[in-house]
Participant: 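Okay, handing you the structure first.
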Amino acid sequence: MNDFKYIGKSIGRIDGKEKITGAAKYVDDIDFGAGLLYAAIVESPHAHANIKKISTKKAEKIEGVIKVVTGAQFPFRFGLYMHDRYIFAQEKVRFVGEQVAAVIARDPKTALNAAKMVEVEYEVLDPILTVYDALGNMKDDSNKKFGHNPKKMIHPKLSEYTHVPWFFPQDNSNIAHFRKIRKGDLDGGFAQADHIFEDEYTVPRYAHCAIETHASVGLCDHSGRLTMWTASQSPHTQRHLFAEALAPLGFSHKDIRVITPYVGGGFGGKAGVSMEILAAALATTVRGHAVKVLWNRSQEFYNTYQRQGVHAKLKIGVKNDGTITALEQLLYWDAGAYVEYGANVVNAAGLSATGPYRIDNVKIDSVCVYTNLPPGGPYRGFGYSEFLFGLESHINEIAKKLKIDAVEFRLKNAIRGGDKLAYGAAMNPNGLEDCIKKVAKEIDWGKKRPIDPSLPHLAYGKGFSLFWKAPAMPPNASSSCFLKFNEDGSLNILLSGMEIGQGYFTVMAQIAAEVLSVPPHKIRCETPDTDRNPYEWQTVASHITWSCGNAVKKAAEDAREQIFDLVERALEMKREDLYLDSEAVKSKSDISFCLNFKDFIINGISKKDGSFRGGPILGRGMFMPEFTSALSDPETGQGGKPNVHYTVGAAAVDLQVDKETGKIKIHKIAFAVDAGVALNPDLVKGQITGGLLQGLATVLYEDMRFDDKGKLLNANFTDYKIPTTLDIPEEIVSIIVETPQMDGPYGARGVGEHTMIPAAPMVGNAVEDAIGIRIKSMPITAEKIALAMLKEK
Amino acid sequence: MTILSEFEYTRPKSLKEALKILAKEKGAIPLSGGTDIVPLLKDGRIVCTTIVDLKNIKRMDEIGLSRDKKYIVIGSLVTFSELIKSKLIQKHFPVLMEMAKTVASVAVRNRATLAGNICSAVPSMDSGSLLMALEANIHVESLKGKRVVSINKWFKAPRKTVLKRGEIVTSISLPLINKNKYAGAYLKLGRYQGEDLAQVSLTILSLPEKSYRIAFGAVSPIPIRASIIEKKFQGKDITEELLQEAKVCLEKIISPISDVRASEEYRMHMAKVMMERGLEVVKKRYHGEGPEYGVTHL
Amino acid sequence: MKNKISFILNGEKRQLEVGPQDTLLEVLRTKLGITSPKVGCDRGDCGACTILLNGDTVKSCLILANEIDGQEVTTLEGLMEHGILPIQEKMVEKNSFQCGYCTPGFLVSTHALLKKTPCPTKEEIKEGLAGNLCRCTGYTPIIDAIIDFTKKNS
């Protein structure tokens, strides 16, 4: 084990004082001066309709209205992985709340009042609100007619849409992407089985509920420069999509600048581009004026990405000894009106829907289906939370039916380093078994709480779940970093990952600190500005510690090598003896030598003749995982290496159920994750505590409710409530397992999303353990439990 | 969210001045805590010409004994936080404190008033069942004079009460009970233990001679007193059989609806469970054994 | 019609013209440059806009600006008149925040809680903060910081 000074230590957060004092600025906190204009959006009241006519005259006449903008000015399709979206609806609206037009005015009130005066005439169409309605033909799997529904296409021009090469939209259907995995011999696998178990599970839609809503301000000056301030996880990706979507207006990337201050929570909801495109487009219509688009809480619910709903059909073959011989899993995703990002969730889930199990014979169909509900997209967990609810529930049921202990069953089938993944590549070395054993021990697995005779309405149960997740990224997703020293030896690091709360800045500072011997509190990481900070793909996929961490490490090493070069050149020191310690250059061969950074790092090293050598030290680093490829056989999914690595772990819960009220009280959760190397253990624990509650919320309380016309019924925090301080588990024990990720910075890999993934199945399993009832649809609310108990009576 | 409707704001210094404005202007509405009115204004769900802020009116923020010492009088500007803190309330109506503690959260309770709660009269309101069980009287004043309305006659429909235009609730009075020889319990069902709206609420009082008062909230358009069940229980020991009978009876008394927060079926089921548990609590409390007031029972 | 209101903001006497529709939160953020109270839901559900009115916590999105005439308003900015508070130092130490957006609201609620109850129980802490929503931390690090802080106080 290396003896590190900063790595592996729970260093205090470097953004702490800014955030704790309220000094940290978010987009809506920035003062844009008296000239700022405000936009209000005209939204579709229908889930599915043709736009017959838009009349803006009345709105335009209102004093204070600067401009009314409709889709006619922006007939451009765009999207991250698939170009299926428009800036404003064109010809057709596809979900309730979709933007049809916008009013730009001097103040928000005028804009909102005028937006009501924009008259839109619709021809209302039948909304398609379920995947089964959208899929139409479910039978003709063999002759590729599965999903044919030519008369009810939400995107009639689907076949014309451009998309990444690893998506497979189906003609004459509402299927935007069909990820197939075929590994081994499925029929043979089922033939080997002593038992075959089938079941179906349903997961509804969820909202991210970052406390900061989406906010975006655009300024297009008269020179044609577009500056955007956005609350975003993806400044460079946004710049790219703005440039692409607005290219017909003559924008190049260099003309577009995206500035992202601190972001008030992301959870995937602020990845890619959603409403920000509106501010960008609107800014081009009122040159010289900044225009603000600020989502209110309702809009945050119905017009940003939502976590997609899924219906899972599972079939698993097992031998009497518990060996899994075959898995078939069909996942039908309700991806909503536009799938440009959501389709990649479907793809990621399809690649990994075996869960962290070693299964030789596999069939997975992960089908991305358009519906007339709001667009689905990335949400912490990226599809894994959704399919693991079914899979880990089903695994538990199978173990029970085979009378094998649920932990033993999982240990027997758990994937190991080197095992062949569903798409043919090898699994990375990992500590899954260690995680399982540690969690089982911590939760006192196998021992049940005794029933208290004075409280006969209470039942107790324990539930277990494994989890895994790989970053879902294009094979060429990259990170980069500039690092610049200041006169006093302090550092500013320029990067474009987002500090969305996870502690990324602190960990990046720790990496640079370790290489350069500068304490983290002397390092500032700068929030992204695409003009100044170098490229980052996105802050998503739990890849930023790993990917950007590598870039920062390289930048720090680059700076270190420059320092060594300089000292060698200016002072004729032996380079191989030089090392950095306590903000100074030292030498192994001359212990009296100590050159403090502050004495040369900007102004160079003076020579006897009064001249100087050197100059400002600037480091540069870049990382791209050159070993991945998303190309594979569309019919089998075999051939590529779409995922860089998986982070794995296990979790268990000890809870009580009130059999009459259905209310659940969580006594304890044990959670173990293999973080590779935890660069900052307290921050890993922070992810566990926070992610778990977000996961528990999805299983115990939340879900999005739509009426039969596709309108969201609970678009506020009163009805779509999130847990409060009074709704937290009594105890959470965080366990960090470390199997170093060889290509990660100091061995690290990501853990951010993983912490919410096992919450739902472990609760479902514990409830079943407590009351003997298997609930197969999320959420598992008090109401569902109580009514299920009533039915049993 | 921006308030789009146009209106004026005024803060009269006396009740008379406030009543004059309300009498003169049809579209004027009184404001106390604002925790309900301000979101409604933002949503455009109420429109008014003038907001008449009552908070400068003296003595309406007091809690005291009536002159005849038979009532506790709660001024209409008294907030839920003040009710929780009040020694007088703790002494005579600890169950009112128990209810007040379930209202939203501290920062809302610091602003929201009991009078405002019954004027908003949303079905999920927290105080309705409690005031029914305590047989509260609502004191109303207009330029034409004063009147007292029994809480039984106060509510007409969701968000509708007998309060007329031009009238202001000045106070709520609670008749003292039997030298405080009673026990009470307030039970609220929410999805969350933290701030949430009630799916079902229930107040039970246990009085001497095996007499009970039982009232429900959020399971009918307006809060409702379960008088039929009270009669069934009157003077009897509540056996398992009697309890089952009461549960069946309850199905005819309450009429819960399904909405995004709970289904009709669950609300009905929980009303029964809560009645049973509430009876347990008041039984214990009556004998000085129950949990201290102010705890949650679910 | 606009009204001129006088009030104390963070210890300083201020006068301002406000419209009947202006909320306190809007006025603080857009007219007075006070940005620590945040807009999270704008209907009293999330607590990100929590401030002190005459020393008690309120949600500033639920208050009309006119209502503060003659009153005393204190925001997080005002609480730090003499520098960072010891409870803030403790919260930095305990990672009691992640994205930081809800943090000013939590601090104002915590300040009011500790003023009223200098050594609160865990339940009292939870109860005192139940009107502030946080989606990042899972609340435990916030509660732990307060427990740790008050332990040293008692």
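Since we're looking at a predicted model, the values are computed, not measured. Within every chain, numbering begins at 1; the chains are lettered A, B, ... in the order of the sequence lines, protein sequences first and strands thereafter.
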Participant: Can you measure from CG (C:Asn66) to CG (B:Asp53) and round to the nearest 0.5 angstrom?
Facilitator: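 With rounding to 0.5 Å, CG (C:Asn66) is 8.5 Å from CG (B:Asp53).
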Participant: Side chain from CB out, backbone as N, CA, C, O: work out which of these in B:Asp36 comes under 4.5 Å of a heavy atom of chain C, or both, or neither.
Facilitator: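 Neither; nothing under 4.5 Å.
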Participant: Among B:Ala107, B:Ser5, B:Ser105, which residue has the highest count of heavy-atom pairs closer than 4.5 Å to chain C?
Facilitator: B:Ala107
Participant: Heavy-atom pairs under 4.5 Å with chain B - which of C:Asn132, C:Asp42, C:Leu64, C:Leu133 has more of them than the others?
Facilitator: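 Of C:Asn132, C:Asp42, C:Leu64, C:Leu133, C:Asp42 has the most heavy-atom pairs under 4.5 Å with chain B.
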Participant: Would you mind telling me which of C:Ile63, C:Leu52, C:Thr50, C:Val39 has the largest number of heavy-atom pairs within less than 4.5 Å of chain B?
Facilitator: C:Ile63
Participant: Quick one: CG on C:Asn3 to OH on B:Tyr9, what's the gap to the nearest 0.5 Å?
Facilitator: 8.0 Å
Participant: Chain B heavy atoms under 4.5 Å from C:Cys61: which part of the residue, side chain, backbone, both or neither?
Facilitator: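 Both parts, backbone and side chain.
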Participant: Sort B:Glu6 into side chain, backbone, both or neither according to what part of it lies under 4.5 angstrom from a heavy atom of chain C.
Facilitator: both
Participant: Does NZ in B:Lys55 sit with more than 12 non-hydrogen atoms of other residues, nucleotides or ligands closer than 6.0 Å?
Facilitator: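 Atom NZ in B:Lys55 is packed in, count exceeds 12.
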Participant: Given heavy-atom pairs under 4.5 angstrom as the criterion, report whether the side chain, backbone, both or neither of B:Leu31 touches chain C.
Facilitator: side chain
Participant: Applying salt bridge (Lys or Arg N to Asp or Glu O under 4.0 Å), run through C:Glu124 and B:Lys101 and close with a yes or a no.
Facilitator: CA-CA 12 Å; C:Glu124 283 170 328; B:Lys101 280 187 79 173; over 6 Å; no
Participant: Please classify the contact of C:Asp69 with chain B as side chain, backbone, both or neither, using a heavy-atom distance under 4.5 Å.
Facilitator: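 It is both, since atoms from each part get that close.
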Participant: Could you pull out the closest heavy-atom pair between C:Leu62 and B:Pro39, with the gap in Å?
Facilitator: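 Heavy atoms only, the tightest pair is CD2-CG, 3.6 Å.
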Participant: Identify which part of C:Leu53 has an atom lying under 4.5 Å from any heavy atom of chain B, answering side chain, backbone, both or neither.
Facilitator: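 Looking at C:Leu53, just its side chain touches chain B.
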Participant: How about C:Arg43 and B:Lys42: do any of their side-chain heavy atoms sit closer than 4.5 Å?
Facilitator: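 Side-chain contact under 4.5 Å: no.
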Participant: Tell me the residues of residues 18-30 of chain C whose non-hydrogen atoms fall below 4.5 Å from those of chain B, in number order.
Facilitator: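 Listed by number, the contacting residues are C:Pro20, C:Gln21, C:Thr23, C:Glu26.
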Participant: Any residues in residues 71-102 of chain C near chain B, with a heavy-atom distance under 4.5 Å, and which are they?
Facilitator: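 Residues in range: C:Gln71.
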Participant: In terms of heavy-atom proximity below 4.5 Å to chain B, should C:Glu123 be classed as side chain, backbone, both, or neither?
Facilitator: neither
Participant: Assess whether atom NZ of B:Lys26 is packed by more than 12 heavy atoms of other residues, nucleotides or ligands within 6.0 Å.
Facilitator: no
Participant: Does atom CD (B:Glu292) have a neighbourhood of more than 12 heavy atoms from anything else shown, all under 6.0 Å?
Facilitator: no
Participant: Is C:Asp56 reaching over with its side chain to a backbone N or O of B:Asn110, donor-acceptor style, under 3.5 angstrom?
Facilitator: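 The answer is no, because no donor-acceptor pair under 3.5 Å joins these two groups.
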Participant: Is the backbone N or O of C:Asp45 less than 3.5 Å from a side-chain atom of B:Glu195, with the two atoms forming a donor-acceptor pair by type?
Facilitator: no
Participant: With a 4.0 Å cut-off, would you call C:Glu67 and B:Arg111 a salt bridge?
Facilitator: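 Yes, C:Glu67 and B:Arg111 are salt-bridged.
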